[in-house]
Number of protein chains: 2
Amino acid sequence: MNKRQAQKQITREKIITAAKQIFIEKGIINTATAQIAELAGIAHGTLFLHFPNKDALVIELLDVELIKFSDNIKQLILETSDIDKILDQYLNLIQAEEGFFSSLARELPNYKDELRRKILFRESLMREHFHQVIEKGIEQNIYTQIDIPSALTFLFGTINYYLSLKSSFVHQGSVIEKFHEQIIDIFMKILKK
Amino acid sequence: MNKRQAQKQITREKIITAAKQIFIEKGIINTATAQIAELAGIAHGTLFLHFPNKDALVIELLDVELIKFSDNIKQLILETSDIDKILDQYLNLIQAEEGFFSSLARELPNYKDELRRKILFRESLMREHFHQVIEKGIEQNIYTQIDIPSALTFLFGTINYYLSLKSSFVHQGSVIEKFHEQIIDIFMKILKK
DNA sequence: TTACTCGGTGAGTATGTACTCAGCGAATGG
DNA sequence: CCATTCGCTGAGTACATACTCACCGAGTAA
């Protein structure tokens with residue numbers, strides 16, 4: 001890779017890094033592309049040499065982050081098959097990137113179809129992991145017969161709710177940390193025989 | 001009331017009616033005040049003679065609707081004390097105004113602090129009703145000892161999740177209708193001894 | 001050294017939208 | 001009947017913001 005290509009790569013990464021930082025702080029919808037460019041330390045126009053439009057940048061940003069997260073989850077499920085331990089670790093992972101997931105939860109319903117579908121598809125893959133673990137638990141007679149998709153919607157829906165209204169639940173600090181135990185308790189209650 | 005006052009009143013109602021209709025269809029955030037004025041059949045500037053700014057219109061609109069809804073809930077809880085029947089009726093009420101609540105769920109996390117707090121306050125009053133009924137059930141040994149606020153967040157969080165992502169759950173028709181039974185089943189499972 | 005390439009620049013364009021205000025004309029009141 | 005009030009009009013203003021493009025200059029290749 002020659003000097004030009006290397007510099008181009010660096011610029012691209014500067015844009016994504018800046019976009020991610022702002023996304024964590026306040027989301028993307030109310031962020032001007034000029035603001036991202038400024039934080040990245042590049043000219044406004046440069047952003048559009050790397051991404052055809054704002055949406056493309058958002059898609060790349062979210063896609064990259066969610067794939068990383070999804071890989072973590074996959075790993076996590078290989079390590080243990082106790083749903084309460086998986087859920088515990090899952091909440092820890094969300095907490096570690098709470099700003100990101102809070103912005104995502106808040107803005108997701110307002111994204112354009114394509115982007116929303118893409119993100120929900122990633123979420124559905126994660127659900128699938130949970131589904132299989134619970135299914136196994138039911139087969140082994142550890143958990144009660146239950147409609148697993150509904151149970152998982154309760155779980156993910158509730159987590160989403162805490163995240164999307166984070167600032168109303170806590171003034172500072174982590175919502176997920178605050179309600180960590182309650183989430184696990186109630187969800188295990190749903191699974192209990 | 002003379003002719004002028006009457007006309008003024010009518011104009012104001014035209015604005016609110018139009019705003020509500022558009023709110024149900026696509027929410028308020030991505031709606032221009034000019035569009036509301038057009039649907040109301042009045043000049044754009046007229047809107048600002050009745051409301052100092054867009055936010056004031058939204059506040060009035062939502063406040064009126066939520067007070068109506070809250071009164072219905074209060075009534076409902078006087079009629080029966082079976083939580084499953086209350087929940088059943090509650091879901092029916094939401095379903096009857098699903099467009100409204102779907103837009104609200106989608107946009108709520110993005111409203112300015114004041115408006116969001118106002119709406120969450122109304123919601124907290126409704127939670128209070130549910131809380132008391134469940135508490136009574138626990139005292140009477142019908143339900144298990146449980147952290148009621150957490151249980152209710154699971155309930156309202158999940159309903160909110162279905163509503164905010166309605167278009168991803170159903171292409172047409174009602175989400176709440178579709179998941180009506182599951183919501184009740186899982187919530188009763190949470191309460192079960 | 002020189003001609004060319006190409007990533008970056010930032011002022012400019014197009015568009016959208018909240019809110020204003022000078023003026024109009026019907027209603028009001030004396 | 002006339003002067004005044006006042007709700008309404010809609011063109012205009014101010015501002016925000018996504019995206020463009022003519023130009024620049026460092027890097028590249030001969």
Side-chain angles (χ1 to χ4, degrees), chain A residues 1-23 25-62 103 107 110-116, chain B residues 1-23 25-62 103 107 110-116:
Chain A
M1 200 192 298
N2 65 25
K3 218 167 178 178
R4 264 203 196 133
Q5 288 171 315
Q7 186 52 51
K8 192 176 178 183
Q9 181 73 16
I10 288 169
T11 302
R12 188 187 174 84
E13 275 157 22
K14 276 201 268 185
I15 295 169
I16 293 184
T17 301
K20 188 185 167 190
Q21 186 179 329
I22 291 180
F23 183 86
E25 278 163 23
K26 53 172 262 199
I28 272 294
I29 289 177
N30 288 314
T31 296
T33 48
Q35 202 188 332
I36 297 170
E38 192 189 347
L39 182 63
I42 57 157
H44 189 190
T46 304
L47 195 151
F48 295 94
L49 297 176
H50 289 270
F51 302 93
N53 52 52
K54 189 183 175 184
D55 277 1
L57 168 59
V58 177
I59 287 177
E60 163 125 0
L61 169 67
L62 296 184
S103 290
E107 297 195 337
N110 302 292
Y111 290 154
K112 295 190 191 129
D113 275 359
E114 188 205 346
L115 180 52
R116 198 176 59 244
Chain B
M1 200 194 297
N2 65 25
K3 219 167 179 179
R4 265 204 195 133
Q5 289 171 313
Q7 185 53 50
K8 192 176 177 183
Q9 181 74 16
I10 288 169
T11 302
R12 188 186 174 84
E13 275 157 21
K14 276 202 268 184
I15 294 170
I16 293 186
T17 302
K20 188 185 167 189
Q21 185 179 331
I22 291 180
F23 183 85
E25 279 163 23
K26 50 171 261 197
I28 272 294
I29 290 176
N30 288 313
T31 296
T33 48
Q35 201 188 333
I36 297 170
E38 193 190 346
L39 182 64
I42 56 156
H44 189 189
T46 303
L47 194 150
F48 295 94
L49 297 176
H50 289 269
F51 302 93
N53 51 53
K54 188 182 175 185
D55 277 2
L57 167 58
V58 177
I59 288 176
E60 163 125 1
L61 168 67
L62 296 185
S103 290
E107 296 196 337
N110 301 292
Y111 290 154
K112 295 191 191 127
D113 274 0
E114 188 206 345
L115 179 52
R116 197 175 61 243

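Reckoned from all heavy atoms, side chains included, excluding hydrogens, waters and symmetry mates. Order of the sequence lines fixes the chain letters, A, B, ..., with proteins taken first and strands second; residue numbering starts at 1 for each chain.
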(request) On DNA chain C, check which nucleotide each of B/Ile29 and B/Lys3 is closest to and give me the residue with the more 5' one. (result) B/Ile29
(request) Look at the side chain of B/Lys26 and the backbone N and O of B/Asn30, then say whether any donor-acceptor pair between them is shorter than 3.5 Å. (result) yes
(request) Spell out, as yes or no, whether a donor-acceptor pair under 3.5 Å connects the side chain of A/Thr46 to the backbone of A/Ile42. (result) no
(request) Would you tell me if any nitrogen or oxygen in the side chain of B/Thr33 comes within less than 4.0 Å of OP1 or OP2 on C/dT17? (result) no
Between [N] ([atom2]) and [X] ([atom1]): distance, integer Å:
X: A/Lys8; N: C/dT9; atom1: NZ; atom2: C1'; value: 16 Å
X: B/Gln7; N: C/dG25; atom1: CD; atom2: P; value: 17 Å
X: A/Asn2; N: D/dG27; atom1: CG; atom2: P; value: 11 Å
X: B/Ile15; N: D/dC8; atom1: CD1; atom2: P; value: 8 Å
X: B/Asn30; N: D/dT17; atom1: CG; atom2: P; value: 14 Å
X: B/Glu38; N: D/dA11; atom1: CD; atom2: P; value: 13 Å
X: B/Ile42; N: D/dG10; atom1: CD1; atom2: P; value: 11 Å

(request) Check DNA chain D against residues 43-61 of chain A and give the residues with a non-hydrogen atom under 4.0 Å, in numerical order. (result) A/His44, A/Gly45, A/Phe48, A/Asn53, A/Lys54
(message) Can you confirm whether B/Asp55 sits close enough to B/Tyr111 that some side-chain heavy atom of one is under 4.5 Å from a side-chain heavy atom of the other?
(response) no
(message) Regarding B/Glu107 and B/Arg116, does a basic nitrogen lie under 4.0 Å from an acidic carboxylate oxygen?
(response) no
(request) Check whether the side chains of B/His44 and B/Thr33 place a donor and an acceptor atom closer than 3.5 Å, and report yes or no. (result) yes
(request) Record whether the side chain of A/Arg4 comes under 3.5 Å of the base of D/dT28 through a donor-acceptor pair of N or O atoms. (result) no
(request) Nearest-nucleotide wise, let me know which of A/Ala32 and B/Gln5 is further upstream toward the 5' end of DNA chain D. (result) B/Gln5
(request) Specify the closest pair of heavy atoms between A/Ile36 and A/Leu57, including all atoms of both residues, with the distance to one decimal. (result) CD1-CD2, 4.0 Å
(request) Let me know which of B/His50, B/Glu60, B/Gln7 forms a side-chain hydrogen bond (donor to acceptor under 3.5 Å, both in side chains) with B/Arg12. (result) B/Glu60
